[in-house]
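Here's the structure we're looking at; comments come further down.
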Amino acid sequence: MAELKADVLVLGAGMVGVSAALHLQQRGRDVILADRHELAAQETSFGNAGLIECASVFPYMFPRDFGQILQYAMNRSTQVRYQFSDLPAFLPWLARYFLASSPDRAMHSAMAELPLIRRSLIEHEALMGEAGAPELLRRTGWMKLFRSEATLATASAELERARHYGVAGEVLDAKAIAEREPNLNGEFAGAVYLPAPGFVPDPGGLGKAYAALFKRKGGRFLVGDATTLQQDGRAWRLAGPDGAAVAREVVVTLGPWSDVVFRPLGYRIPLGVKRGYHLHLAPRGNAVLRHPVLDADLGFLLAPMNRGIRLTTGVEFARRDSPPTPIQLQQVLPLAHKLFPLGEPIDTKPWMGARPCLPDMLPVIGKAPRHAGLWFNFGHQHHGLTLGPAVGRLLAEMMTGETPFANPGPFAVERFG
Ligand SMILES: Cc1cc2nc3c(=O)[nH]c(=O)nc-3n(C[C@H](O)[C@H](O)[C@H](O)COP(=O)(O)OP(=O)(O)OC[C@H]3O[C@@H](n4cnc5c(N)ncnc54)[C@H](O)[C@@H]3O)c2cc1C
């Protein structure tokens with residue numbers, strides 16, 4: 001059987017893998033990008049809410065407010081839910097997440113990620129320009145609605161804190177909300193409008209546009225199963241249906257499935273998941289949604305995708321591979337109908353995805369310490385669409401010996417011992 005040789009094998013063609021492959025290619029590396037699917041961006045990078053979150057300075061940490069923790073513990077919140085039968089499987093991870101969310105450590109995570117967040121939209125714009133897909137970026141910003149004065153006050157305070165890091169935003173009253181989004185119905189205490197973030201109305205399409213660019217520039221895309229990866233002397237070998245792919249260096253960009261490579265190699269990395277769901281619905285009549293809108297207190301987001309209005313849920317804690325339990329979707333569906341004139345569902349069943357998360361909400365980016373030629377780039381939590389191109393650049397700079405644009409220290413796998 002044929003053997004394909006390359007400089008680098010990138011495993012996983014989600015937003016993170018495709019972006020890493022492009023940045024390595026830009027630096028002269030011959031790259032093979034491999035995925036178990038025939039197309040790129042068919043998993044988590046397909047189903048997200050489409051926000052390029054360049055205003056999200058503070059990562060989503062475990063809450064420290066006792067009332068909120070109690071509400072989550074009672075499993076009554078639509079924002080966060082957990083599957084009771086899976087609790088023993090993810091409780092140790094939750095404990096680490098809680099410890100990593102102390103104010104000091106949360107601030108450390110925020111400051112470590114800040115250079116990546118700041119770079120996120122710039123890097124996307126560059127790749128979209130090259131890919132010839134500028135229509136996949138809308139410069140609408142997005143809006144977070146609050147129904148109680150208390151949650152609005154917390155969000156306004158957070159905006160003030162974020163302003164110190166260059167984030168622009170506006171607090172809107174009910175009249176200003178109606179001007180921005182005339183078709184919303186409900187009683188709102190107010191909203192926070194963030195003008196800078198980009199919105200991608202087809203995140204899966206964007207991943208595919210980047211993969212098409214990679215192929216146009218001579219990159220090879222293969223179907224292959226990462227579980228077949230083997231170290232063969234100084235090379236790495238991946239089995240594929242049409243023969244093996246062989247390279248001196250391999251990059252793991254398998255998102256929530258990255259453990260299928262690192263675990264057999266002996267790395268104990270606490271990769272967990274926060275699952276989420278989406279469903280597309282048609283807008284009713286001539287109703288138009290201009291921006292992605294988060295109903296923060298009720299725990300869902302509506303985004304005006306090319307396919308229809310994408311209703312996206314908050315977080316579900318469960319094992320990655322447990323069967324879908326779209327209870328949050330069922331809970332918020334009638335609330336979404338009240339918020340915006342929605343018609344029939346477009347999808348026949350809800351989509352489920354898993355945000356790949358480390359307890360400190362920072363990705364793992366860099367060299368694997370015990371295996372020559374093995375590199376990691378996974379765990380981009382709620383921000384993988386946002387960060388893909390920026391972390392692709394960072395990793396490629398590290399691999400090719402350039403001075404990295406951001407300090408990669410906080411992302412090193414060694415932080416887990
Ligand atoms: C409901 C929801 C909403 C979100 N909203 C946003 C948002 O608005 N903005 C944002 O920035 N982020 C958002 N995210 C997070 C974002 O989607 C993820 O962080 C990001 O998609 C992760 O990208 P990835 O490339 O690491 O993983 P993935 O996109 O999952 O890619 C991993 C790839 O690995 C492949 N693979 C898996 N196993 C194997 C195997 N054995 N062999 C070969 N290939 C394999 C898969 O097929 C897949 O293509 C959201 C996530 C969810 C679930």
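- Here the options are F416, F376, F262, the test is ring-ring contact (aromatic ring centres under 6.0 Å, His included), and the partner is Y267; only F376 passes.
- Under the side-chain contact (heavy atoms from CB on, under 4.5 Å) rule, T386 has a single partner from S120, P197, S56, which is S120.
- In this structure E158 satisfies the side-chain contact (heavy atoms from CB on, under 4.5 Å) test together with F58, R161, sequence neighbours excluded.
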| request: Carefully, step by step, assess L99 and F62 under the rule side chain to side chain contact (heavy atoms under 4.5 Å, CB included). | output: CA-CA 9 Å; L99 292 174; F62 198 106; over 6 Å; no
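- Side-chain contact between L333 and H337: present, with at least one pair of heavy atoms (C-beta onward) separated by less than 4.5 Å.
- Listed here is the closest heavy atom pair of A245 and L9: CB-CD1, 3.8 Å.
- Side chain of R310 to main chain of N48: a donor-acceptor pair is present (N/O by atom type, distance under 3.5 Å, no hydrogens or angles).
- Ring-plane geometry between H280 and H278 is classed as perpendicular, the angle between the planes exceeding 60 degrees on a 0 to 90 degree scale with a lower cut at 30.
- Among residues at least two apart or in separate chains, salt bridge (Lys or Arg N to Asp or Glu O under 4.0 Å) pairs with a member in residues 320-334 are D259-R320.
- Within the structure, every pair that satisfies the salt bridge (Lys or Arg N to Asp or Glu O under 4.0 Å) test and touches residues 355-369, not counting sequence neighbours, is listed here: D360-R415.
- At distances below 3.5 Å, at least one donor-acceptor pair connects side-chain atoms of R275 with backbone N or O atoms of R319.
- The two residues G392 and H23 have their closest heavy-atom pair at O-CB, 3.5 Å.
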| message | Working note: L184 + L339, criterion side chain to side chain contact (heavy atoms under 4.5 Å, CB included); need CA distance, chi angles, decisive distance, verdict. | response | CA-CA 5 Å; L184 296 185; L339 177 66; 4.0 Å; yes
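- For E402, the side-chain contact (heavy atoms from CB on, under 4.5 Å) partners two or more places apart in sequence, or in a different chain, are R27, E397, T400.
- Closest non-hydrogen pair, A318 versus V273, comes out as O-CG2, 3.7 Å.
- A distance of 11.0 Å separates CG in L4 from CZ in R237, rounded to the nearest 0.5 Å.
- Not a single donor-acceptor pair under 3.5 Å links the side chain of N183 to the backbone N or O of F340.
- In this structure, the side chains of Y277 and T325 come closer than 4.5 Å at one or more pairs of heavy atoms.
- A donor-acceptor pair under 3.5 Å is absent between the side-chain atoms of N306 and the main chain of D202, judged by distance alone.
- Side chains of F405 and L116 form a contact here, defined as non-hydrogen atoms less than 4.5 Å apart.
- No side-chain heavy atom of V80 sits under 4.5 Å from any side-chain heavy atom of K274.
- Judged purely by distance below 3.5 Å, without hydrogens or angles, the side chains of S102 and D104 never pair a donor atom with an acceptor atom.
- Crowding of R370 atom CZ: a count of heavy atoms from other residues, nucleotides or ligands under 6.0 Å exceeding 12.
- Screening residues 129-138 for salt bridge (Lys or Arg N to Asp or Glu O under 4.0 Å) gives E130-K217 as the qualifying pairs, with residues at least two apart or on separate chains.
- Atom CG of L24 and atom CH2 of W375 lie 9.5 Å apart (nearest 0.5 Å).
- Within the 3.5 Å criterion, the main-chain N or O of G12 finds a donor-acceptor partner in the side chain of T253.
- Residues E113 and Q381 bring a donor and an acceptor atom of their side chains to less than 3.5 Å of each other.
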| said: Set out, in order, the CA-CA distance, both residues' side-chain angles and the distance that settles side chain to side chain contact (heavy atoms under 4.5 Å, CB included) for E125 and L137, then state yes or no. | reply: CA-CA 8 Å; E125 281 177 321; L137 178 65; 3.8 Å; yes
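- Taking 4.5 Å as the limit, every side-chain heavy atom of D297 sits out of range of all side-chain heavy atoms of L145.
- Listed for the Q328 side chain is a donor-acceptor partner under 3.5 Å among the backbone atoms of T78.
- In this structure, the side chain of K208 engages the main chain of A40 through a donor-acceptor pair within 3.5 Å.
- When every heavy atom of M61 is checked against every heavy atom of S109, the shortest pair comes out as CE-OG, 4.4 Å.
- Of all the heavy atoms in S258 and G255, the pair that sits closest is OG-O, 2.8 Å.
- Between V413 and P369, the closest side-chain pair of non-hydrogen atoms falls below 4.5 Å.
- For the atom pair L22 CG and L213 CG, the distance stands at 5.0 Å (nearest 0.5 Å).
- Inter-residue side-chain proximity for V293 and P304 is flagged as unmet; no heavy-atom pair is nearer than 4.5 Å.
- Checking side-chain atoms of W93 against main-chain N and O of P270 turns up a donor-acceptor pair under 3.5 Å.
- Counting only heavy atoms from C-beta outward, the side chains of L194 and L159 approach each other to under 4.5 Å.
- Classification of the F317-Y97 ring pair by plane angle, with boundaries at 30° and 60°, yields tilted.
- Rounded to the nearest 0.5 angstrom, E181 CD and L302 CG are separated by 9.5 Å.
- The closest donor-acceptor contact from the side chain of S45 to the backbone of M15 lies under 3.5 Å.
- At least one donor-acceptor pair under 3.5 Å links the side chain of Q25 to the backbone N or O of F214.
- Under the salt bridge (Lys or Arg N to Asp or Glu O under 4.0 Å) criterion, the residue pairs touching residues 340-351 are R307-D347, with sequence neighbours excluded.
- When all heavy atoms are compared, the tightest approach of S19 to P389 is OG-N, 3.4 Å.
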| message | Applying side chain to side chain contact (heavy atoms under 4.5 Å, CB included) to V332 and D295, what does each step give before you reach the verdict? | response | CA-CA 10 Å; V332 299; D295 197 323; over 6 Å; no
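- Tested against H124, the residues L385, L136, L387, V200 include a single side-chain contact (heavy atoms from CB on, under 4.5 Å) partner, L385.
- Taken from CG in L11 to CD1 in I32, the straight-line distance is 10.5 Å, to the nearest 0.5 Å.
- Interatomic distance, Q331 CD to L329 CG, rounded to the nearest 0.5 Å: 9.5 Å.
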